[in-house]
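Here the structure comes first, spelled out in structure tokens, and everything after it is commentary.
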There are 2 protein chains.
Amino acid sequence: MPDKPDLKVPDSAVPRLAQYHHALMEMAEGVASSDDLARVTGFSAAQIRKDLTYFGQFGRPGFGYSVPDLKQALSRILGTDKAWSVAVVGTGKALSVFGDLDRFRRHGFRVTACFEKEPDKNGAWDDVPVYPMDKLGDVVRRENIRMAVLAVSEGAAQRTAEILAESGVQAILNLTPARLQLPERVAVRPMDLAMELEKLSYRSGRLGDR
Amino acid sequence: MPDKPDLKVPDSAVPRLAQYHHALMEMAEGVASSDDLARVTGFSAAQIRKDLTYFGQFGRPGFGYSVPDLKQALSRILGTDKAWSVAVVGTGKALSVFGDLDRFRRHGFRVTACFEKEPDKNGAWDDVPVYPMDKLGDVVRRENIRMAVLAVSEGAAQRTAEILAESGVQAILNLTPARLQLPERVAVRPMDLAMELEKLSYRSGRLGDR
DNA sequence: TAGATTGTTAATCGATTAACAATC
DNA sequence: TAGATTGTTAATCGATTAACAATC
């Protein structure tokens, strides 16, 4: 049981924690005040200090926060201090849209396997082995993969997610539009491009009005 | 000036509006009560009715909401009633991770151009023409493209976004980790895989504790 | 008219901000 | 000690919920 009995952490604080962490990753070692963090993240200094108190005390009054210490504390809180093994299921190449594997690794996510319906002959992509889809359960179990990015077709999503869940995967980033029905213990996060475009469309409309 | 002078719509309502819209897209024509919508979206009926009042009156007391009417009203509110022309900049194939183009089209987004550093000879992908990167500004202007999905490398992100903004693009979905600096009038939405994985990691940790 | 469900008001709840005493 | 910045409390603000009168 790490950290605190954490009373009630507002849901809205979690994305902010991730942003604090990202900001710290780009800062030089040394000391940063809540004001410094406020400047780079755009949140208020009070908000930042408040968010941190949900998990403990990480700063020194009169000084600020040690960048490496706070960085480590945040990755502990987020659960990324021990690297997650991640599988990309569907179309591995697609991952390259989001940046390079090194960046994910630095944030605590090691992509250790890809799965495709029809993998190329050579069976590897940028160091990551690519397996045919019917090896999914076996490889996930063998390699102790605990997280997956789901990028299959909408029709195959539920079935594939069930295989992942049964094979021990604890967390799924769902890039498909399907609403997945899985046991409570599996954390699922939808990431729907159409929905993001709609939010963007809405906001663009309001901006134009001014 | 469509809709209402909209007093203050809470930011948190916008993603819900998009979800209501998605739910309606999957419902049969006819009538739906706020209770019906609550069941399929997971939000409370009171919340749904409240959210809608920010924009007007769309239901009939004693009856409920007309599915097609509410669907249309929501797409008006979201600004997707008139199709957006969308460019995918970076790696067009990557878009296929998120589902098919038809689905985006149904939601009001028509992908009309892709841009890549080294486009294939044939220069088209699933009906969508693929242009070399140096045609970006010209094509965007010529085709009146108003929205873009940015999936270039982190290093090229800012520069590419500036070209888009100068060429008249009003909204950018930023798939790169770069923090874009653009004129106020351009709506930007970040979509960072690493950050989403971190949120997932956090939540998975809490689930496991129970 | 009786029944149902909206639109809206008032009450509750929770999250953010501001201020400051505690601390290095 | 004087100066700075945290951790925390209290005050403010905003969003959600519950309840119900208005309406079809």
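We name chains A, B, ... by the order of the sequence lines, and we start the count at 1 in each one.
Contact annotation: B/Ser34 side-chain N/O to C/dT6 OP1/OP2 distance is under 4.0 Å. Listed pair A/Gln47 / C/dT17 meets the phosphate criterion, a side-chain N or O lying under 4.0 Å from OP1 or OP2. Look at A/Gln57 and you won't find any side-chain N or O under 4.0 angstrom from OP1 or OP2 of C/dT23. Listed pair A/Arg16 / C/dT16 meets the phosphate criterion, a side-chain N or O lying under 4.0 Å from OP1 or OP2. An OP1 or OP2 oxygen of D/dT6 is reached within less than 4.0 angstrom by no side-chain nitrogen or oxygen of A/Thr53. Taking only side-chain nitrogens and oxygens, B/Ser33 never comes nearer than 4.0 Å to OP1 or OP2 of C/dT5.
Seen from the ring of B/Tyr202, B/Arg206 counts as a face-on cation partner, given the 6.0 Å and 45° thresholds.
A donor-acceptor pair is defined here as one N or O able to donate and one able to accept, closer than 3.5 Å; such a pair exists between the side chain of B/Arg203 and the backbone of A/Val188. In this structure, B/Ser201 contributes its side chain and A/Leu78 its backbone to a donor-acceptor pair below 3.5 Å. A distance-only check finds a donor-acceptor pair linking the side chain of B/Asp36 to the backbone of B/Ser33 [under 3.5 Å]. When atom types are taken as modelled, the side chain of B/Arg49 and the backbone of B/Ser44 share no donor-acceptor pair closer than 3.5 angstrom.
Rounded to an integer number of Å, the gap from CG of A/Asp35 to P of C/dA18 is 13 Å. Atom CG in A/Asp51 sits about 14 Å away from atom P in D/dT8, given to the nearest Å. Rounding to whole angstrom units, CZ of residue A/Phe58 and C1' of D/dT5 are separated by 17 Å. Distance CG (A/Leu70) to C1' (D/dT5): 14 Å, rounded to an integer number of Å. Residue A/Tyr54 contributes atom OH, which lies 14 Å from atom P of D/dG7 at whole-angstrom precision. Distance A/Lys50 NZ to C/dG14 P: 13 Å, rounded to the nearest Å. The nearest whole Å value for the distance from the OH atom in A/Tyr65 to the P atom in D/dG7 is 4 Å. The distance from atom CZ of B/Phe63 to atom P of D/dT23 is 16 Å, rounded to the nearest whole Å.
Near DNA chain C, meaning a heavy atom under 4.0 Å away, there are no residues from residues 18-26 of chain A.
Nearest heavy atoms, A/His22 versus B/Asp192: CE1-OD2, 3.8 Å.
Taking for each of A/Asp11 and A/Arg60 the nucleotide of DNA chain C with the nearest heavy atom, the 5'-most of the two is the partner of A/Asp11.
Across all strands shown, D/dA4 forms a Watson-Crick or G-U wobble pair, both distances under 3.5 Å, with C/dT23. Within the shown strands, D/dG14 is the pairing partner of C/dC13 under the Watson-Crick or G-U definition, both distances less than 3.5 Å.
Residue A/Ala46 has its side chain nearest to C/dA18 when only C/dT8, C/dA18, C/dA15 are considered. Considering only side-chain atoms of A/Ser12, the nucleotide from C/dA15, C/dC24, D/dT16 that sits closest is C/dA15.
Salt bridge B/Arg103/B/Asp100: absent, no basic N to carboxylate O contact under 4.0 Å. Contact check on A/Glu162 versus A/Arg159 returns no salt bridge, with no Lys/Arg side-chain nitrogen under 4.0 Å from an Asp/Glu carboxylate oxygen.
A/Arg49 comes within 4.0 angstrom of a nucleotide base, judged by non-hydrogen atoms across all strands.
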